Amino acid sequence: GQQVMQIPQYQHVQEGEDFTTYCNSSTTLSNIQWYKQRPGGHPVFLIQLVKSGEVKKQKRLTFQFGEAKKNSSLHITATQTTDVGTYFCAGPRGATNKLIFGTGTLLAVQP
Amino acid sequence: NAGVTQTPKFQVLKTGQSMTLQCAQDMNHNSMYWYRQDPGMGLRLIYYSASEGTTDKGEVPNGYNVSRLNKREFSLRLESAAPSQTSVYFCATSSRENTEAFFGQGTRLTVV
């Protein structure tokens, strides 16, 4: 089964509300990456976190890597319609460090 | 500079037909990936290639074969297509393990 789970699967917010998606791995990750996929598009890299407990910000987006390096979160403050899309976390797995993606969270923003 | 190019963009196959999805990159990256995307399932790794001449199974390799004949190209072959292989297929590359992945535009495949 899927080794990297994300919740929620879908979130609908009013423009201006905050949004958070959570990523949980069954095993420890050496790093976690986050991607955004606009409707009809392809995934685009947002950020990579490497250190335990690391927090990074990109304007209204805040990314966290858990202390145990098994979970991560993406928080968007004051959502805008441009934030619409599916957000994926991804991490390297196995001996060859294959990049495995989470199940994704689809964000809908109502103006 | 095209980045990652996938062909074709759309394809309809009949059950049992075969086809090859092509992926080419001009980024001089070592690692290449094939993913499939289905509603509610996220992106699932089919096959991975860490370098020219090497391939490794991903999460859902059954029914697929791959070929990495050179650094630029990584092809995905369906020998006998099944309706369960209806999906959007993405090729991706990264310079090495654990680094940012760059995706192609995707191939929307329907098997009837």
Side-chain angles (χ1 to χ4, degrees), chain A residues 1-11 21-51 56 58 63 65 69 85-107, chain B residues 2-7 9-10 21 23 25 27 29-61 66 68 74 87-108:
Chain A
Q2 207 91 21
Q3 298 176 45
V4 183
M5 301 299 295
Q6 283 183 251
I7 54 171
Q9 189 172 355
Y10 172 77
Q11 183 86 56
T21 174
Y22 299 91
C23 173
N24 295 290
S25 169
S26 55
T27 59
T28 301
L29 298 170
S30 60
N31 69 78
I32 193 98
Q33 299 177 16
W34 284 91
Y35 291 77
K36 177 183 178 181
Q37 182 180 26
R38 294 184 186 276
H42 60 278
V44 175
F45 176 83
L46 293 176
I47 206 160
Q48 182 179 57
L49 305 171
V50 179
K51 300 177 184 176
K56 286 188 176 180
Q58 287 181 349
F63 303 84
F65 200 9
K69 302 183 78 172
T86 302
Y87 292 85
F88 292 100
C89 62
R93 306 297 294 269
T96 54
N97 287 318
K98 294 170 282 198
L99 191 61
I100 302 297
F101 279 74
T103 46
T105 296
L106 173 61
L107 172 64
Chain B
V4 183
T5 303
Q6 288 183 236
T7 54
K9 288 187 171 50
F10 301 95
L21 281 64
C23 176
Q25 52 109 352
M27 308 178 81
H29 285 173
N30 287 317
S31 298
M32 296 188 75
Y33 309 80
W34 275 107
Y35 293 91
R36 61 176 289 174
Q37 183 171 28
D38 304 290
M41 301 295 290
L43 289 156
R44 292 183 292 171
L45 182 65
I46 306 172
Y47 268 96
Y48 166 58
S49 172
S51 61
E52 178 183 342
T54 69
T55 61
D56 189 14
K57 291 180 179 179
E59 302 168 281
V60 289
V66 290
R68 180 87 183 270
F74 189 37
S87 187
V88 179
Y89 291 85
F90 286 101
C91 175
T93 75
S94 62
S95 59
R96 54 182 173 81
E97 301 167 358
N98 298 329
T99 58
E100 172 185 357
F102 294 83
F103 283 77
Q105 298 298 315
T107 296
R108 187 172 295 275

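Values in this document were obtained by computation on a predicted structure and should not be read as measured data. Chain naming here is simple, since letters A, B, ... match the order of the sequence lines and numbering starts at 1 in each.
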If I take atom [atom1] from residue [X] and atom [atom2] from residue [Y], how far apart are they, to the nearest 0.5 angstrom?
X	Y	atom1	atom2	result
A:H42	B:Q37	NE2	CD	12.0 Å
A:Q33	B:E100	CD	CD	7.5 Å
B:D38	A:T103	CG	OG1	13.0 Å

[X], part contacting chain A, at a heavy-atom distance under 4.5 Å:
X	answer
B:A101	both
B:S31	neither
B:F90	side chain

Pair B:Y33-A:L99, side-chain contact (heavy atoms from CB on, under 4.5 Å): steps then yes or no: CA-CA 8 Å; B:Y33 309 80; A:L99 191 61; 3.7 Å; yes
Full working for ring pair (Phe, Tyr, Trp, His ring centres under 6.0 Å) between B:F103 and A:F88: CA-CA 13 Å; B:F103 283 77; A:F88 292 100; 8.8 Å; no
Residues, nucleotides or ligands: over 12 heavy atoms within 6.0 Å of A:Y22 OH: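 Atom OH in A:Y22 is not packed in, count stays at 12 or less.
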Residues, nucleotides or ligands: over 12 heavy atoms within 6.0 Å of A:Q9 CD: no
Toward chain B, the part of A:S30 with a non-hydrogen atom under 4.5 Å: side chain
A:Q6 versus chain B, the contacting section by heavy-atom distance below 4.5 Å: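 A:Q6 has no heavy atom closer than 4.5 Å to chain B.
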N/O donor-acceptor pair under 3.5 Å between A:K98 side chain and B:K57 backbone: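 Present.
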Smallest separation among heavy atoms of B:E59 and A:I100, with atom names: OE2-CG2, 3.5 Å
Within the 6.0 Å centroid threshold, strictly below: A:Y35 and B:Y35: no
By side-chain hydrogen bond (donor to acceptor under 3.5 Å, both in side chains) - contacts of A:T105 (at least two apart):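 Counting only residues at least two positions away or on another chain, A:T105 forms a side-chain hydrogen bond (donor to acceptor under 3.5 Å, both in side chains) with A:T21.
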